[in-house]
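One structure is given below, encoded as structure tokens.
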Amino acid sequence: MTGVTVQSVTVLGAGSWGTTFAKVLADAGRDVTMWARRAEVAAEIRDGHTNSRYLPGVELPSRLTATSDPAEALAGAEAVVLAVPSQSLRANLTGWRELLPREAILVSLAKGVELGSLKRMSEVISEIAEVPSGDVVVVSGPNLAKEIAQRQPAAAVLASADHDRAVAIQQASFNSYFRPYTNTDVVGCELGGACKNVIALSCGIASGLGFGANTMATLITRGLAETARLGAKLGADPLTFAGLAGVGDLVATCASPLSRNRTFGERIGRGETTAQAQEAVGGQVAEGVMSCQSIRELARGVGVDMPITEAMYRVCHEGMDPVRVGAELLGRQQKHEWS
Ligand SMILES: NC(=O)C1=CN([C@@H]2O[C@H](COP(=O)(O)OP(=O)(O)OC[C@H]3O[C@@H](n4cnc5c(N)ncnc54)[C@H](O)[C@@H]3O)[C@@H](O)[C@H]2O)C=CC1
Ligand SMILES: O=C(CO)COP(=O)(O)O
């Protein structure tokens, strides 16, 4: 596939990132149709040019339209952007499979690893849509939706084994405030995006416990070290973790109060229950809560040590006290920084 121009794009999922990425594409001059699960959300986007539940106060471009009918949304799409949470991607995509236009470029926004199969999102898409996983374009990087929706400058990575497909989406999405770079390391970009959500949970917990910059920097740096260890084992390019989908996304998510994962963790650190923490993120997805389980299993399966991910699993799924988990993390056997 060379020199393809993408004009007509469908975004499946009208949450905060799906809506924001649709806005990015519309601001880049594309014709964008969104699919929303709820008919009233589709009507609000189509007729009122807002999505008040997910992006309050943001006006959406008038060239962006929406429907709750997936067949209507997908008709004639040259690119299809999948913007639903990781753990629901398989079920949603199975329902859409027969409606996908044959030549459409499939683009993944989700940052997670599937429970059970332990597959990355491009692998799930490849399996369900029956396309080579190398054809999928993965979007990753420091992209807090609310900032981008306000047209604050940001960069992203578009990763695909098929460089031409990544370039086609790069051309379709770059605009005055959004600068996407291409990359061919899909494994590294997807692992970076999934793992940083788990590390952001830990930073939130540390913040909720009242700890400051040294603790955050330690968690970010050691979180990057364990992410890179997993990546190296699974064939990622180590350079990816020094880039936007690695340290870039990690810093943005771990530092920002806009992050749902960090917010979730902060509430846990303050002593709230997981149900209260979930309420604090307004019913939106905090992917790290599920991904700490799947990433932990993935890492154990290939013999990679991921102590922060293990700690988050114990807090989120075994109900362990964060103070005790923190003490255990610090009390592990002394070691060399890079062993
Ligand atoms: N919000 C952000 O700043 C960013 C999010 N992402 C990733 O993008 C993906 C989507 O995130 P958001 O749009 O932010 O999520 P969200 O929670 O704001 O919205 C999820 C959307 O998916 C729909 N959906 C369809 N089936 C669903 C199901 N079974 N369960 C739950 N929701 C379902 C919801 O109705 C909603 O429209 C996630 O993997 C997230 O990690 C990536 C970069 C930035
Ligand atoms: O992926 C994100 C920023 O790049 C969004 O992070 P949260 O899901 O924690 O809000």
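Both counts, for ligands and for their atoms, begin at 1 and track the order of listing.
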Would you mind listing which atoms of ligand 2 come within a distance below 4.0 Å of any non-hydrogen atom of Ser259?
7 (P), 9 (O), 10 (O)
Among protein heavy atoms, which sits nearest to atom 38 (C) of ligand 1, and what does the distance come to when rounded to 0.1 Å?
Glu287 OE2, 3.2 Å
Starting from atom 3 (O) of ligand 1, which protein heavy atom do you reach first, and at what distance in Å?
Ala145 N, 2.8 Å
Taking the six-membered ring of Tyr181, is NZ or CZ of Arg179 closer than 6.0 Å to its centre and within 45° of its axis?
yes
Protein heavy atom at shortest distance from atom 22 (O) of ligand 1
Pro85 CD, 3.4 Å
Asp249: numbered ligand 2 atoms lying under 4.0 Å from its heavy atoms
3 (C), 4 (O)
OG1 on Thr5 to CD on Gln7, rounded to 0.5 Å:
8.5 Å
Spacing of CD1 belonging to Ile268 relative to CG belonging to Asp321, to within rounding of 0.5 Å:
11.0 Å
Minimum-distance protein heavy atom relative to atom 18 (O) of ligand 1
Ser16 N, 3.0 Å
Do any nitrogen or oxygen atoms of Pro142 lie less than 3.5 angstrom from nitrogen or oxygen atoms of ligand 2?
no
Under 30°, 30 to 60°, or over 60°: which ring-plane class applies to Phe21 and Phe178, parallel, tilted or perpendicular?
perpendicular
Which option, Asp249, Ile148, Leu109, owns the non-hydrogen atom nearest atom 8 (O) of ligand 1?
Leu109
With heavy atoms of Leu144 as the reference, note each atom of ligand 1 found under 4.0 Å away.
3 (O)
The protein heavy atom nearest to atom 10 (C) of ligand 1 is Ala83 O, 4.0 Å
Ligand 2 atoms nearer than 4.0 angstrom to some heavy atom of Lys111 are 1 (O), 2 (C), 3 (C), 4 (O)
Which residue holds the protein heavy atom closest to atom 36 (C) of ligand 1, what is that atom called, and what is the gap in Å?
Tyr54 OH, 3.5 Å
With a 4.0 Å cut-off, would you call Glu310 and Arg296 a salt bridge?
yes
Return the CE to CG distance between Met312 and Leu219, rounded to the nearest 0.5 Å.
7.5 Å
Heavy-atom gap Gly112 to ligand 1 smaller than 4.0 Å:
no
Out of all atoms in ligand 1, which are within 4.0 Å of some heavy atom of Lys111? Include the element for each.
39 (O), 41 (O), 42 (C), 43 (C)
Please report which non-hydrogen protein atom sits nearest to atom 2 (C) of ligand 2, along with the residue it belongs to and the distance in Å to one decimal place.
Lys196 NZ, 3.1 Å
Between ligand 1 and Gly15, is the shortest N or O to N or O distance under 3.5 Å?
yes
Arg300 with Glu297: basic N within carboxylate O range, under 4.0 Å:
no
Treat each ILVMFWY residue as a node, draw an edge where side-chain heavy atoms are under 4.5 Å apart, and state whether Leu64 and Val81 are in one component.
yes
I'd like to know if Gln284 contacts ligand 2, where contact means a heavy-atom distance under 4.0 Å to any ligand atom.
no
A side-chain contact here means heavy atoms from C-beta on lying under 4.5 Å apart; do Val137 and Leu106 qualify?
no
Around Asn214, counting heavy atoms of other residues, nucleotides and ligands shown, do more than 12 lie under 6.0 Å from its CG?
no
Give the atoms of ligand 1, by number and element, whose distance to some non-hydrogen atom of Gly18 is under 4.0 Å.
13 (O)
Tell me: protein heavy atom nearest atom 34 (C) of ligand 1, and distance?
Arg37 NH2, 3.6 Å
Note, Cys203 side chain near Ile220 side chain (heavy atom, < 4.5 Å)
yes
Where ligand 2 meets Asn261 - atom numbers and elements under 4.0 angstrom, heavy-atom basis:
7 (P), 8 (O), 9 (O)
Does any N/O atom on Asn92 come nearer than 3.5 Å to any N/O atom on ligand 1?
yes
So the atoms of ligand 2 within less than 4.0 Å of a heavy atom of Gly141 turn out to be 4 (O)
Determine, for Asp162 against Arg165, whether the closest basic-nitrogen to carboxylate-oxygen distance falls under 4.0 angstrom.
yes
Region of Val285 that comes within reach of ligand 1 [heavy atoms, distance under 4.0 Å]:
both
Starting from atom 1 (N) of ligand 1, find the nearest protein heavy-atom neighbour and note its residue, name and distance.
Arg260 NH2, 3.1 Å
Given Ser117, which partner from the list Lys119, Glu114, Arg120 fulfils the side chain to side chain donor-acceptor pair (under 3.5 Å) test?
Glu114
Would you say Ser207 and Met216 make side-chain contact, with heavy atoms under 4.5 Å?
yes
Those atoms of ligand 1 less than 4.0 Å from some heavy atom in Ala110
9 (C), 39 (O)
Should you measure from each heavy atom of Ala14, which atoms of ligand 1 turn up under 4.0 Å away?
37 (O)
